[in-house]
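Here's the structure we're looking at; comments come further down.
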Amino acid sequence: MRKSAILITGANGEMGHGLIGALHQKNNVNIVALDLNPLDGSISALVNEELMGNILDQSLIEQLNGEYEFDTIYHLAAILSTRAEFSPQSAHDVNVGGTLNLLNLALEQGRSQGRSVKFFFPSSIAVYGFSGLDEKNSSGAIKEDSFRNPSTIYGCNKLYCEHLGNYYTNNYQRLGAELHHRYIDFRSIRFPGIISSKTIPAGGTSDYIPEMLHAAAKGKSYKCFVREDTQIPFMTMPDAIQAITHLMSAPKDNISRTVYNIRSFSPTAEEFRQKVLEHYPKAQIDYEISEKRQKMVDSWPADTDDSMAKNDWNWAPAFNLDLGMKDYLIPDLQQMYKN
Ligand code: SER
């Protein structure tokens, strides 16, 4: 007998931390956590099984298929955007090849269970791309189907995987079957930058915002690697997690598309710096621009239009920037760095 469970890949990453915490609180969920590295102590007690391994390892994928009956797969493992630019081939292998392996696992699972397996895929504002700052600045909050011209390998990987998710959902179904007989129910969110109080991202390009805040909380100086007028959307980690759980539990009939924008606030780097200074007046934050990373963020939208998510599954962030700082980030950071 295979064991019923949900699977989380990239479980030890930033989003994995938040998602494991949230899913653990639900009854009757057996969490199988997969990561290259051992899980942090803070989350390892919250999962039922912890597996160390690589999503590119076919024998591991087969082992998972043989041992478990997954009703949902949260495929979070990825190489983030800055790191991906340094090794585009590995980024492609992990971000695309790894996703393909997990989609094939979901397909096998859907076929053997005779029902559709839910598949969550975190996409990104990096799928968008502008020809230059003029186009970015004149485009405002953009909708899901416009400006999908990624200029980073990470953005290319994410956009292609969105399409793969669509393909697997629409192509693999019992002949003549209705929507509910598809083997895979792929749902994806294009996340903006995410700010967590508990973790700092590794290898992303929206990292200047969380890094600035964590440095201030630790009493360390920080050099922001993008210009002060740089603007992309952000949200807090609790809102990112509640978005995932809402989207994944939304009735199928309400879901009119596979990929949704969401966003909470969209400060410039300087506006965020000022906000940090309100809470940490002694913080030392300067600018030292990385041309490569600036170019990447300049190709991403200043804001996105999240009306589809609002309409279809009642997406609503709990935190704007002020509340997020006051009620979530600052109290947690004070706890975390009190010594
Ligand atoms: N936050 C991610 C990064 O910077 C983009 O999705 O890579």
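In what follows, every heavy atom counts, from backbone to side chain, and hydrogens, waters and symmetry copies are set aside. Note that the coordinates shown come from a computational prediction; the quantities given were computed from them, not determined experimentally. In each ligand, atom 1 is the first atom listed, and ligand 1 is the first ligand listed.
- Under the 30°/60° scheme for interplanar angles, the aromatic rings of F130 and F147 are found to be tilted.
- Shown here for S256 and M308, the closest heavy-atom pair between the two residues is OG-CE, 3.5 Å.
- For residues 119-141, no pair satisfies salt bridge (charged side-chain N to carboxylate O under 4.0 Å, His left out), with sequence neighbours left out.
- Annotation: salt bridge (charged side-chain N to carboxylate O under 4.0 Å, His left out) contacts involving residues 45-58, sequence neighbours excluded, comprise K3-E49.
- Relative orientation of the F119 and F186 rings is parallel, given thresholds of 30° and 60° on the angle between their planes.
- Every protein residue with a heavy atom nearer than 4.0 Å to ligand 1 is included here: L80, S81, S124, Y154, G204, T205, S206, W300.
- Listed by chain and number, the residues in a salt bridge (charged side-chain N to carboxylate O under 4.0 Å, His left out) with K198 are D332 (sequence neighbours excluded).
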